[in-house]
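Encoded as structure tokens, the structure appears first; notes follow it.
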Amino acid sequence: MKIPVPTLFRRFLAALIPLLLTYHALLFYGFLANAVLYALLFVAFMAYLFIDWRNSLILSCALLGATLLLNFLVGLVGIDDRIYYREHERFGVYNSDLQADTYRKNVDVTLKEPFGDVYAVGGAKGLEAEPRTVRFRTDSLGFRNEAAYKGQKYVLVGDSFVVANGCSQEDMLASQLKDGYGIDAYTLAYPGGIPEYVRFIRYLERKSRDDFRVLLFLFEGNDFPESYSRKHFVVKKNFIKALFATYRSFFKETTLYRYTFSLAASRKKKPFTSTVLTVKGHKIGDFNEYVHATERQSYNFPERGVQALAGVSGRIDHIFFIPTKFRVYYDFLDSGKGNPLPDAQWEAVKALGARLKIPCTDLTAPLVADSAELLKKDRFTFWKDDSHWNRQGIAVAAGIVASRVGAGK
């Protein structure tokens with residue numbers, strides 16, 4: 001029998017409220033990809049069209065109520081505290097003002113971290129884990145600093161190496177520059193790449209009228225992609241997309257979302273694989289992806305990246321090249337020296353600097369030299385179980401940075 005149009009229209013309207021409640025309940029589940037989420041909503045909507053509206057409302061309310069209760073219970077028993085092995089994932093959130101991810105604002109905690117990123121996600125066996133205690137503090141903008149930006153001349157822009165993932169607050173590059181060389185610098189960093197670095201610089205320009213100078217740090221492992229898409233360089237989303245992203249971010253910060261997202265991620269194929277490197281009998285590791293980047297024979301920056309940096313080049317005083325752990329310890333491997341490594345990424349940085357008229361410094365040689373000295377005492381400039389440098393490695397970088405910009409600034 002054909003359903004009259006007015007009746008069908010009323011059913012359509014009656015199904016919207018249960019559908020909206022169902023949508024909000026599903027947003028709490030981090031394992032649902034967008035395609036699955038919308039497929040479930042379509043199925044629910046078709047069901048609500050032909051179920052009595054009272055039953056539809058009861059069913060959707062029950063789903064939302066059960067979800068809220070589950071979110072409360074997951075937080076109550078502290079499951080979320082056991083999801084994360086380090087501060088980065090624990091405090092990473094969407095910043096609606098920046099329209100990108102940063103850290104949660106005004107955090108000040110001390111955490112026990114049982115191991116580093118290569119140990120956690122790389123899948124390599126036999127690595128020497130290095131448990132550590134990490135103090136982690138962020139400012140009112142969501143960047144890792146002791147306090148908000150207060151007109152410092154130098155701003156450190158880069159990824160997790162500048163953030164000092166896995167290291168305590170006092171070990172950060174900004175901290176060591178201040179304590180050891182009297183250089184008061186501000187950290188404007190978060191894991192990402194050139195698109196994010198340009199976004200951060202523009203963001204601070206909007207927040208401050210000070211004529212800050214940028215010290216840009218490019219990491220060999222992941223700051224040298226083959227290409228960028230146009231969307232990588234969209235600094236400001238349109239109003240509707242920005243509003244939707246901000247709204248969704250509320251659910252992504254809930255305990256249930258973070259727990260289910262992490263649980264699903266742990267069941268998927270690892271995004272990174274790792275390799276074990278033996279140095280003086282010590283089992284240290286690095287990501288295979290970083291090893292492959294180091295062994296690349298040639299590289300040119302994508303033109304989109306060059307043009308984006310050109311737009312902020314007037315702010316950039318210096319570019320520093322951070323080598324991979326694999327490059328730093330290549331000559332010290334117990335397996336013996338292989339063929340000399342190519343310098344594709346550093347050559348690309350030099351070419352970039354020449355084009356933009358920005359001086360550049362390669363941190364490889366100082367890190368290798370200091371690593372050689374530390375190995376005499378069985379100490380390292382990188383964490384054994386992590387792809388990042390430790391306090392000793394950062395100290396090497398701080399000394400080089402200070403010599404380039406001048407102490408006491």
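Scope of the values below: all heavy atoms of this structure, side chains included, with no hydrogens, waters or symmetry mates.
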Would you confirm whether [X], through its side chain, and [Y], through its main-chain N or O, come within 3.5 Å as a donor-acceptor pair?
| X | Y | value |
| --- | --- | --- |
| Lys325 | Gly285 | yes |
| Thr364 | Pro323 | no |
| Thr187 | Ala189 | no |

Is there a side-chain contact between [X] and [Y], using heavy atoms and a 4.5 Å cut-off?
| X | Y | result |
| --- | --- | --- |
| Gln392 | Arg379 | yes |
| Arg137 | Asn145 | no |
| Asp159 | Asp223 | yes |
| Val118 | Asp385 | no |
| Thr275 | Leu277 | yes |
| Leu19 | Ser60 | no |
| Phe320 | Leu218 | no |
| Arg90 | Arg104 | no |

Would you say the side-chain atoms of [X] and [Y] include a donor-acceptor pair closer than 3.5 Å?
| X | Y | result |
| --- | --- | --- |
| Asp184 | Tyr154 | no |
| Tyr119 | Ser274 | no |
| Asn222 | Tyr290 | yes |
| His88 | Ser160 | no |
| Asp139 | Tyr186 | yes |
| Ser387 | Asp286 | no |

So, do [X] and [Y] have ring centers that fall under 6.0 Å from each other?
| X | Y | result |
| --- | --- | --- |
| Phe91 | Tyr84 | no |
| Phe28 | Tyr257 | no |
| Phe42 | Tyr38 | no |
| Phe287 | His292 | no |
| His388 | Phe161 | yes |

Trp383 six-ring centre to Arg391 NZ/CZ under 6.0 Å and within 45° of normal: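 No; the conditions do not both hold, so Arg391 does not lie above the ring face of Trp383.
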
Within 45° of the six-membered ring axis of Phe212 and under 6.0 Å from that ring's centre, is NZ or CZ of Arg315 located there?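 Yes, Arg315 and Phe212 form such a contact.
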
Would [X] and [Y] pass as an ion pair if we require N to O under 4.0 Å?
| X | Y | result |
| --- | --- | --- |
| Glu170 | Arg135 | no |
| Arg199 | Glu196 | no |
| Glu303 | Arg355 | yes |
| Asp334 | Lys283 | no |
| Lys207 | Asp97 | yes |
| Asp343 | Arg327 | yes |
| Asp211 | Lys153 | no |
| Lys280 | Asp378 | yes |
| Asp386 | Arg132 | yes |
| Arg296 | Glu347 | no |
| Arg86 | Glu113 | no |

Is Ile17 atom CD1 crowded by more than 12 heavy atoms from other residues, nucleotides or ligands, each under 6.0 Å away?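 For Ile17, atom CD1 is not crowded (no more than 12 foreign heavy atoms under 6.0 Å).
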
Within the supplied structure, the quantity of interest is the number of heavy atoms (other residues, nucleotides, ligands) at a distance under 6.0 Å from Asn300 CG; does it exceed 12?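 Not more than 12 within 6.0 Å, no.
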
How far apart are the closest heavy atoms of [X] and [Y], and which atoms are they?
| X | Y | answer |
| --- | --- | --- |
| Tyr85 | Glu89 | OH-OE2, 4.2 Å |
| Leu309 | Leu352 | CD1-CD2, 3.8 Å |
| Pro366 | Ile400 | CG-CD1, 3.8 Å |
| Gln345 | Thr294 | NE2-CA, 4.3 Å |
| Gly393 | Leu367 | O-CD2, 3.7 Å |
| Val134 | Arg144 | CG1-NH2, 3.9 Å |

To the nearest 0.5 Å, what is the distance between [atom1] on [X] and [atom2] on [Y]?
| X | Y | atom1 | atom2 | result |
| --- | --- | --- | --- | --- |
| Gln169 | Glu87 | CD | CD | 9.5 Å |
| Thr381 | Leu363 | OG1 | CG | 11.0 Å |
| Ile51 | Ile58 | CD1 | CD1 | 11.0 Å |
| Leu59 | Thr22 | CG | OG1 | 6.5 Å |
| Thr67 | Leu26 | OG1 | CG | 7.5 Å |
| Ile319 | Asp362 | CD1 | CG | 12.5 Å |

Below 30° counts as parallel, above 60° as perpendicular, anything between as tilted: where do the rings of [X] and [Y] land?
| X | Y | value |
| --- | --- | --- |
| Phe332 | Tyr329 | perpendicular |
| Tyr203 | Phe143 | tilted |
| Tyr299 | Phe301 | perpendicular |
| Phe321 | Trp346 | tilted |

Output, in order, the C-alpha distance, side-chain angles, deciding distance and verdict of side-chain contact (heavy atoms from CB on, under 4.5 Å) for Ser140 and Asn106. CA-CA 5 Å; Ser140 57; Asn106 301 312; 3.9 Å; yes

With sequence neighbours excluded, tell me which residues meet side chain to side chain contact (heavy atoms under 4.5 Å, CB included) with Lys105.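 In terms of side chain to side chain contact (heavy atoms under 4.5 Å, CB included), with neighbours along the sequence ignored, Lys105 is linked to Asn95.
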
Which residues share a ring-ring contact (aromatic ring centres under 6.0 Å, His included) with Tyr247, sequence neighbours left out: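 Expected list: His24, Phe251.
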
